[in-house]
Amino acid sequence: MRYGYFDDHAREYVIDRPDTPLPWINYLGSEAYFGLISNTAGGYSFYRDARLRRLTRYRYNNAPLDLGGRYLYLRDDATGDYWSASWQPTQRDLDDYECRHGLSYTRIASARRGIRAETLYFVPLNETLEVWRARITNERDTPAEISLFSSVEFCLWDAQDDATNFQRNFSTGQVEVDGGVIYHKTEYRERRDHFAYFACSEPLAGFDTQREAFLGAYRGWDRPVVVEHGAATGSVANGWAPIGSHHVRLALAPGETREVIFVLGYAENPRAEKFDPPGSQTLNKRHVRPVIERWLRPETVTEGFAALAAHWDRLLGGLRVRTPDADTDRMVNIWNAYQCMVTFNLSRSASFFESGIGRGMGFRDSNQDLLGFVHIIPERARERILDIAATQLSTGGAYHQYQPLTKRGNNDIGEGFNDDPLWLILGVAAYLKETGDLGILDEPVPFDNLPGSEKPLYEHLTRSLNYTLDRLGPHGLPLIGRADWNDCLNLNCFSDTPGEPFQTTENSIGGQAESVFIAGQFVLAAKELAGIADLLGLHGKAAEYRAAAEKMTGTIIEHGWDGAWFRRAYDFYGNPIGSGENDEGQIFVEPQGLCVLAGVGLDDGLAARALDSVAERLATPHGIVLQQPAYSGYRIELGEISSYPPGYKENAGIFCHTNPWIMIAETILGNGDRAFDYYRRISPSARERISDVHRSEPYVYAQMIAGRDAPTHGEAKNSWLTGTAAWNFVAITQWILGIRPELTGLRVDPVLPTDWPGYQATRSYRGATYEITVRKPAGSGRRADHLLVDGERVEGTLVPPAPAGSTVQVEVVIS
Ligand code: BGC
Ligand code: NOJ
């Protein structure tokens, strides 16, 4: 069952009924001002940091999930009938409804009793504001008198404080209304530097800024008294809950359309004017007035929207594919790339599953997200790498997260996730492969942002590697610390007294538990760093890193191999985890993926055996589960993983992030059929027809799909902000289609499903354009051993870099 369809030409997903199983969301904004918006216009906005600069309010654990939004109410002034242009929050029946989620914009159209409303929401490039352009059409054959009410509820900036500190906040809210513009200026008294504004293009019949005046006592957003009565009250908020609502009256002739533009924006005073004029509580609006005037003009909106589309043409133009599979094409060309850009901007901060309060930018997460967008925005990837590296500590360890507004490490979470530092090497390696910009390695980068502590980025990478080598456990495997990639495998959560709750993280850090996952990750990272060192002419260093990789490989085979798969870890007491010796949690997916990616067990058949075990024990029709058998009860010595009921999240859910590791591993062994089959099992587009089971958006990956042990097997959860986006993009484009940047050129080494006759692609790489044609007799599962580059035969599959500006024809003939 479906709730809409893909319009590939328009690059939109079209939702044709408002009551989707969950709010299906989209993101607005591309640089500094962001918002999330559901298919019924729910969601909120913020400037840079979802926690510290929240513009509009979201009420946690609300029902429905997306309440708090960018709502427009319409009222037929002749009859008093009123409704919501986006269905929510009034839920009055609509004769027609359609939501089109596009690339950084959403359009919601509806009609009731002959009045049509179409609203376009977007954030223009290089602006810190959002535009709502409403077009109201009278489709009746008689004139109509319509009232239009806008509404937003302001958040008092710090979203955490806003949600909890009522005793104070009910008395701090302040607004100013001037020339029809509603200014929200809470905090201005104290900091005098930022405020929000909400403006309307039409003459106003009235306005409201106090929530209780607008809604009325004991009422919710579904039936505001002001809308019911058809008259704004002109309320000015002093404390309580500041909102913004404009009232516009429209007299519409039959067939007439009127356009009304609303602009909600964020403003910061220029530094010099921060305290000027001293003592005054009146907003300094000099610099925002022209911005507001400009964006209330229809031509500006039309041009701004066209510029946004052109921006996305540029971003997505760097890689276009045409394959025999329509789901693959739309994911690669549109949605997966788009989701990668959203994870670049939002990391794991704000969705309906991430609060925007709890998490900033993750060290591990952002390094992996980079893999999915480095080809789209290499300059911003460079900046991101330098920001992340500046939160590394001089020990080589890292803050687990940092706040986007301050770019400082987040102390509440601290360090001790022992996989973190190695992701920096993998992120930088991806950047170098894409760009060839070795200069980044010389960039001075501080540790913990401390001035004076700067060292070249390359030094950060060597400290990352040493961080692991300095922390090896009893078997010579890396210590896991608080956790590795699997946040919930908390093996140092021992208890001194049996039956007592687990100890604090101090014990966790000192613990002896070891990770086979980090061992595999280390081998991969050490080989990458060796390649980089070779390019710098540091051949001695390169040999050292390779020797370290070799040694760790030996340790994995000696202590990390369980007979038919790689073990997961050793716990605090030295017992294996992810072993046939265990009664539950016998096999985990992560080490099978990472060890094979690192090249462990390729020559001796172990890799192939491990992947067969994955196919036999972990693969389900809805994707590959994280481990089996699921833990049936809580186990103190394993921590959070066993706190989940079987089949959910890390306890044997289909944690989608890990699936592409197996896809890649399968391509390394040349198994195109298996790799692509796994790809399709979790592809949101391929799952669209089971939207009633999947329930989350069919255009983006979710973090998790409930595993086979769950009563809701196949149900996706936590959509949008997940490393799944980047890794699936890498798996399909770089390993299955095989278009893979390397340090010395672009490799084209497809590992395709047997029944594919080939595919075509265009890829920009270091300034040149590669037009790639792959031809393979259907039925052959072979790989290419040579290429034709501009008609000339090249042995192997590496295309040498071409001069910037040139176009190169690459033919791959698999015979
Ligand atoms: C989740 C993990 C997540 C972690 C973040 C856990 O509750 O299960 O998936 O990485 O929280 O702190
Ligand atoms: C989500 C977290 O963001 C990520 O860092 C972690 O690796 C996975 N959960 C698995 O626990």
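Numbering of ligands and ligand atoms starts at 1, following listing order. For clarity, every value in this text was computed on a predicted model and none was experimentally measured.
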Can you confirm if the NZ or CZ of R471 lies within 45° of the ring axis of Y467 and under 6.0 Å from the centre of its six-membered ring? yes
For Y44, is the NZ or CZ atom of R54 found under 6.0 angstrom from the centre of its six-membered ring and inside 45 degrees of the ring axis? yes
Apply side chain to side chain contact (heavy atoms under 4.5 Å, CB included) to S643 and list each qualifying residue two or more places apart in sequence or on a separate chain. Y634, E640
Run the numbers on F363 and H400 for ring-ring contact (aromatic ring centres under 6.0 Å, His included), then give the verdict. CA-CA 5 Å; F363 195 95; H400 195 50; 8.5 Å; no
Taking the basic N atoms (NZ, or NE/NH1/NH2) and the acidic carboxylate oxygens, is any pair closer than 4.0 Å for R568 and D562? no
For R59, which residues count as a side chain to side chain contact (heavy atoms under 4.5 Å, CB included) partner, sequence neighbours excluded? R57, N62, E153, R211, W221
When the ring planes of F517 and W423 are compared, do they come out parallel, tilted or perpendicular, using 30° and 60° as the limits? tilted
Just say parallel, tilted or perpendicular for the rings of H375 and F729, cut-offs at 30° and 60°. parallel
Identify, chain by chain and in numerical order, each protein residue with a heavy atom under 4.0 Å from an atom of ligand 1. R359, D487, C488, E640, Y644, K649, E650, F655, Q703
Are Y58 and F352 an aromatic pair, judged by ring center distance below 6.0 Å? yes
With a 4.0 Å heavy-atom cut-off, what residues sit around ligand 2? R348, R359, R364, D365, W485, N486, D487, E650, F655, Q703
